[in-house]
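One structure is given below, encoded as structure tokens.
No hydrogens, no waters, no symmetry mates; every other heavy atom, side chains included, goes into these values. The sequence lines fix the lettering, A, B, ..., with proteins before strands; numbering per chain opens at 1.
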Protein chains: 2
Amino acid sequence: MQSEGVASRSAEHRDSTRESRNGTPHLDAVSLAIIEQLQEDGRRPYAAIGKAVGLSEAAVRQRVQKLLDQGVMQIVAVTDPLTVGFRRQAMVGVNVEGDVESIADALTDMSEVEYVVMTAGSFDILAEIVCEDDDHLLDVINKRIRALPGVRSTESFVYLKLKKQTYMWGTR
Amino acid sequence: MQSEGVASRSAEHRDSTRESRNGTPHLDAVSLAIIEQLQEDGRRPYAAIGKAVGLSEAAVRQRVQKLLDQGVMQIVAVTDPLTVGFRRQAMVGVNVEGDVESIADALTDMSEVEYVVMTAGSFDILAEIVCEDDDHLLDVINKRIRALPGVRSTESFVYLKLKKQTYMWGTR
DNA sequence: GCCAAGGCTGCGAAATCCGCAGGTCTCGGT
DNA sequence: ACCGAGACCTGCGGATTTCGCAGCCTTGGC
């Protein structure tokens, strides 16, 4: 049953999370509600979530597991690295000539890069990087990122202070 | 099994999280190790974490609760709003004349703003905003942000595709 | 109509969470 | 020096939650 092959047969039974064109699943209202619950508290018991969204404990558990497996969401601890102590952080705007996506992929492969997004505007890509110290930061930006073939230019914004960080879209 | 814990029971004074001048607590190695565990899996059982860091289940539970209460970390579900479906996202660079922090606070108060960071570079502040649709996005940027007294200029980067999003500083 | 697949429910059994009492250590006041 | 307060840890039961699985229902293909 581990088909997972290309298999894209049109055979499409009903499914709370089915694939659309690029492989990103479409979510129904119940899954959205479950995610909202977990955005408030990632450790909330399945039974409590079930009560809130109108499903049994087991059903919630299965759906959560599926959302996790599909990579639609992740349940994790988030912190402000600056608060936690060591490390330098910065956002880097990148301009690319040629294939933007391949550069984005290259950035994604770097362990120091935590966040990569392709954008419209005066930057093609924004990447957030977390480093040990200034030397490390400098090294990543100047030696690694600027060295990528296709990178036309970069601009850096070193983090001074994180003011807000939430994950509550949908609940307001 | 000699729990290879991180705890070094001697040199350390008491109080695993004590305040420094700005109110941000200083964390000891054990708390860092606990956070690392929860960055891998926010639902990992306390007993398993305890085994990994060399503490009892109850001790881990107390520390996690404290870290949560202090706001040092949060355990939540994170998603890519673009994947989840609706909503437009953008990063906005802001230039300020006068008090930067008060503008940052004003941005923090907006529910559409999920992320605010003060930076060094050609922007004073970077803010990530999540909106219902293009109209909403336009409204927030032009009517709300630009209207703030002290905002000299803004530049927007509309998100096209999120490529990477991790929370694993410290584990590499 | 029949069958396969996906999803939901309803159980026990196992594991986890929770609250609390009791012990140790350090600091600071008397 | 003595003693109390505060912070932290451990060790327990008991309440909850998680887990795995069998069974039922519905949908869509053949």
Side-chain donor/acceptor of B/Lys163 to backbone N/O of A/Asp105, under 3.5 Å:
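No.
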
Is B/Arg43 reaching over with its side chain to a backbone N or O of A/Gly42, donor-acceptor style, under 3.5 angstrom?
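Yes, B/Arg43 side chain to A/Gly42 backbone: donor-acceptor pair under 3.5 Å.
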
Nearest whole Å is fine: how far is [N] [atom2] from [X] [atom1]?
X       : N      : atom1 : atom2 : value
A/Arg61 : D/dT16 : CZ    : P     : 18 Å
B/Leu67 : D/dC8  : CG    : C1'   : 14 Å
B/Arg44 : D/dC19 : CZ    : P     : 13 Å

Of all heavy-atom pairs linking B/Met73 and A/Thr79, the shortest is CB-CG2, 3.4 Å

Assess the side chains of A/Tyr167 and B/Gln74: does a donor N or O sit below 3.5 Å from an acceptor N or O?
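No pair is found: no donor N or O on one side chain lies under 3.5 Å from an acceptor on the other.
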
Do B/Asp69 and B/Gln65 meet the criterion of a side-chain donor-acceptor pair at a distance under 3.5 Å?
yes

Pairwise N/O distances under 3.5 Å, protein to nucleotides 12-16 of chain C:
none

Does a side-chain N or O of A/Lys66 approach OP1 or OP2 of C/dG7 to a distance below 4.0 Å, or not?
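So the side chain of A/Lys66 is within the cut-off, an N or O lying under 4.0 Å from OP1 or OP2 of C/dG7.
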
Is A/Arg63 near enough to C/dC8 that one of its side-chain N or O atoms lies under 4.0 angstrom from OP1 or OP2?
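The answer is yes; a side-chain N or O of A/Arg63 sits under 4.0 Å from OP1 or OP2.
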
Full working for side-chain hydrogen bond (donor to acceptor under 3.5 Å, both in side chains) between B/Glu128 and A/Tyr115
CA-CA 12 Å; B/Glu128 186 183 66; A/Tyr115 192 72; 2.5 Å; yes

Of A/Gln65 and B/Ser56, the one whose closest DNA chain D nucleotide lies more 5'
B/Ser56

